[in-house]
Amino acid sequence: THYQKQPDALKSAAFSTYFHYAGRYRLVDGDVIHSVSESLNPNFPGTEQLRHAELDGHTLVLSGKDEVGDVLRFHSLVWHRCEPTDDNPPLDT
């Protein structure tokens, strides 16, 4: 596959910056509270992660902060909605 042909340094850099979690969520006063059931971080399952949500047209930004040791970290995830195409029709809801 294409991935296997990449240099080890490139693959290592990709894995060192990768993170994920998944689970159910609920909305509370403009925030999203994720109830984590699965995560790359073994400390996340069973926790709730608070993210502020801002929706502007087709752009959704989820942001949050956490503390690691003495360091306060801020992070954000930006989602852009793509326009439907013939190859990518809208999903039925």
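Quick note: residue numbers are just sequence positions, from 1.
- Using modelled atom types, one side-chain atom of S39 and one backbone atom of H20 make a donor-acceptor pair closer than 3.5 Å.
- Under a 4.5 Å side-chain heavy-atom cut-off, the cluster of Ile, Leu, Val, Met, Phe, Trp and Tyr residues that includes V78 is completed by V61.
- Applying the 6.0 Å contact sphere to OH of Y21 captures more than 12 heavy atoms from other residues, nucleotides or ligands.
- Listed by chain and number, the residues in a side-chain hydrogen bond (donor to acceptor under 3.5 Å, both in side chains) with R73 are D66 (sequence neighbours excluded).
- Separation of atoms OG (S63) and CZ (R51) is listed at 9.0 Å; rounding is to 0.5 Å.
- Residues L62 and L27 share a single hydrophobic cluster, defined by chaining ILVMFWY side chains whose heavy atoms lie under 4.5 Å apart.
- Residues L55 and L77 are members of one and the same hydrophobic cluster, defined by side-chain heavy-atom contacts under 4.5 angstrom among Ile, Leu, Val, Met, Phe, Trp and Tyr.
- Among all heavy-atom pairs drawn from P45 and N41, the shortest one is CD-O, 3.3 Å.
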Side-chain donor-acceptor distances from residues 29-36 under 3.5 Å, at least two apart:
{"unit_1": "D31", "atom_1": "OD1", "unit_2": "H52", "atom_2": "ND1", "d": "2.9"}

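- In this structure T47 satisfies the side-chain hydrogen bond (donor to acceptor under 3.5 Å, both in side chains) test together with Q49, sequence neighbours excluded.
- The hydrophobic cluster containing F74 also includes L72, under a criterion of side-chain heavy atoms closer than 4.5 Å among ILVMFWY residues, counted directly or through chains of members.
- Residues passing the side-chain hydrogen bond (donor to acceptor under 3.5 Å, both in side chains) test with H75: none are found, sequence neighbours excluded.
- Annotation for R26 and E48: closest pair NH1-OE2, 2.9 Å, computed over non-hydrogen atoms.
- Residues F19 and V68 do not share a hydrophobic cluster, defined by chaining ILVMFWY side chains whose heavy atoms lie under 4.5 Å apart.
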